Amino acid sequence: MRLGIVGLPGSGKSTIFQALTGSKFEQGAHKGSHITTVQVPDQRIDALKELFKPDKTVFARLEYLLPSGTRSYVPGGQSDESFWSEARPCDALIHVVRNFHQPGGEDPHPRDDFLKLETDMIFADLVVVERRIERLDQDKKRGKESDAEERQLLEACLSMLEAQNPLRDDPGLATAHQLKGYTFLSAKPLLLLFSNDDEDKGLPAWDGSPELSNALVIRGKLEMELSELPPEEAAEFSAAYQIEGFARDRVIRHSCNVLGLISFFTVVNNEVRSWMIPRGSPALEAADVIHSDMKRGFIRAEVIPCEDLLSAGSYQNAKKEGKVRLEGKTYIVQDGDLITFHFNV
Ligand SMILES: Nc1nc2c(ncn2[C@@H]2O[C@H](COP(=O)(O)OP(=O)(O)OP(=O)(O)O)[C@@H](O)[C@H]2O)c(=O)[nH]1
Ligand SMILES: [Mg+2]
């Protein structure tokens with residue numbers, strides 16, 4: 001799963017990206033795009049490690065993309081399609097919005113800034129839809145049959161986008177299988193990330209939609225400084241500024257949330273491992289995430305919630321207490337399940 005970091009110029013994108021990688025890069029020195037792979041931290045994995053003492057521990061991963069700075073942003077929906085080309089294949093977007101004062105003293109206007117880029121993304125999608133519909137009309141004139149359902153879905157997109165609404169507001173439309181190939185920007189799950197002044201840890205005052213439910217505040221500059229301190233000083237510093245955990249961990253946790261991902265665990269061959277799948281997935285899909293053979297030869301899944309295992313103290317005890325269940329292909333995997341797949345190929 002890959003998340004793309006977007007935002008107006010100077011909103012704090014590079015700062016957030018650096019917090020994720022834990023390393024600094026020279027501003028302007030790198031013109032290309034940056035990708036970083038991060039491990040998804042999980043305390044349950046740490047507890048399982050204690051219990052099983054595995055040789056190896058593997059965490060689920062996420063990727064973050066910081067698009068290259070060479071493709072310049074032009075406001076008013078006039079950006080070249082190439083400006084969006086790197087964000088399009090991403091599974092979700094992080095929209096970084098400036099909520100800090102600039103060195104020159106310019107006040108932040110987060111809602112206006114948000115709407116500016118949001119509108120541009122809606123406009124970019126609108127161009128794609130209009131072009132496609134035009135194309136389908138031409139095909140029709142030439143007597144070529146087109147997919148009626150796809151046409152209908154595109155019309156629905158058209159009316160939403162023309163009304164300046166992002167496609168994500170209609171979850172059915174945003175996730176429609178037939179529209180996947182269009183990689184609509186406004187259909188992607190969105191995490192709003194406010195980069196705040198050092199002294200300010202709250203969300204900005206914000207009237208009306210969009211909802212701030214998928215929003216996160218990072219005091220980017222402050223928290224970058226924090227990440228460079230030795231651990232003892234960092235703890236003191238965090239307490240003084242009431243910083244909860246690392247910016248990095250908060251961004252990752254919220255990323256999993258907007259992507260609708262849950263974690264499950266496996267312990268196989270002396271390896272404890274976490275995996276992620278979309279919430280609501282059946283056991284068969286969980287098996288497929290690990291290996292297609294496991295899906296093909298699926299027999300059953302041995303399942304225990306991680307907490308139950310930890311309170312039982314050992315897998316054997318948990319079994320004795322009847323806490324390990326056998327489940328079939330259609331069992332809906334729950335966050336925190338430890339699963340042993342039985343399969344035969
Ligand atoms: N106070 C404060 N300053 C920040 C924050 N994030 C970034 N800045 C400062 O704002 C300036 C721009 O930050 P960048 O991270 O380079 O922003 P950007 O979005 O990557 O900018 P471009 O790549 O030029 O579009 C830098 O001087 C940062 O130190 C923040 O959360 N709080
Ligand atoms: Mg930058």
Side-chain angles (χ1 to χ4, degrees), residues 3-36 38 64-80 82-87 90 93-118 120-121 124 185 190-206 212 215-229 234 237-238 240-252 254-255:
L3 294 101
I5 301 175
V6 298
L8 291 182
S11 54
K13 300 180 294 295
S14 300
T15 305
I16 298 299
F17 187 79
Q18 289 172 24
L20 284 164
T21 60
S23 67
K24 271 202 161 162
F25 53 80
E26 289 296 312
Q27 292 294 334
H30 298 266
K31 284 293 184 195
S33 55
H34 298 261
I35 293 177
T36 186
V38 302
Y64 290 91
L65 166 84
L66 180 64
S68 71
T70 48
R71 301 188 170 101
S72 55
Y73 168 76
V74 190
Q78 300 304 305
S79 296
D80 198 71
S82 72
F83 177 77
W84 297 111
S85 62
E86 289 166 288
C90 292
L93 297 177
I94 297 184
H95 185 163
V96 181
V97 177
R98 180 174 73 89
N99 192 30
F100 58 85
H101 289 80
Q102 274 169 338
E106 203 200 323
D107 281 351
H109 17 72
R111 189 160 191 274
D112 292 353
D113 283 1
F114 168 78
L115 288 174
K116 209 182 263 179
L117 200 71
E118 170 91 338
D120 286 355
M121 287 194 271
L185 296 163
L190 184 78
L191 173 59
L192 247 169
L193 196 158
F194 296 102
S195 45
N196 271 25
D197 281 317
D198 292 4
E199 306 299 334
D200 176 13
K201 67 191 193 81
L203 288 168
W206 187 301
L212 292 184
L216 171 67
V217 168
I218 298 288
R219 284 169 280 174
K221 213 163 105 239
L222 183 76
E223 299 195 47
M224 270 309 284
E225 285 163 20
L226 174 71
S227 68
E228 286 156 16
L229 293 176
F237 190 92
S238 295
Y241 281 93
Q242 296 176 289
I243 296 172
E244 283 161 40
F246 290 107
R248 185 176 183 279
D249 294 355
R250 295 205 307 279
V251 175
I252 295 171
H254 279 80
S255 301

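These figures come from a predicted structure and were not determined experimentally. Just follow the structure's listing: the first ligand is 1, and inside any ligand the first atom is 1.
- The ligand atoms of ligand 1 that sit less than 4.0 angstrom from a heavy atom of I218 are 31 (O).
- Residues A87 and L185 share a closest heavy-atom pair of CB-CD2, 4.0 Å.
- Here is the list of ligand 1 atoms found below 4.0 Å of a heavy atom in R219: 31 (O).
- The N/O atoms of F100, backbone and side chain alike, include none that comes under 3.5 Å of an N/O atom in ligand 1.
- To the nearest 0.5 angstrom, D113 atom CG is 9.5 Å from N99 atom CG.
- Residues that satisfy the side chain to side chain contact (heavy atoms under 4.5 Å, CB included) test with L203, not counting sequence neighbours, are F194, L212, A215, V217.
- For ligand 1, the polar-atom distance check finds an N/O of S14 within less than 3.5 Å of one of the ligand's N/O atoms.
- The contact set between ligand 1 and N196, taken as ligand atoms under 4.0 Å from a residue heavy atom, comprises 1 (N), 2 (C), 30 (C), 31 (O), 32 (N).
- The two residues L8 and S11 have their closest heavy-atom pair at O-OG, 2.7 Å.
- Distance alone, capped at 3.5 Å, places no donor-acceptor pair between the E223 side chain and the I218 backbone.
- Within the 3.5 Å criterion, the main-chain N or O of V38 finds no donor-acceptor partner in the side chain of R248.
- One of the N, O or S atoms belonging to S14 lies under 2.8 Å away from the Mg ion (ligand 2).
- A heavy-atom separation below 4.0 Å is found between S11 and ligand 1.
- Of all heavy-atom pairs spanning H95 and E118, the tightest one is CE1-N, 4.1 Å.
- Considering backbone and side-chain atoms alike, P9 places every N or O at 3.5 Å or more from each N or O of ligand 1.
- In the candidate list I5, T15, V6, T15 is nearest to atom 7 (C) of ligand 1, counting heavy atoms.
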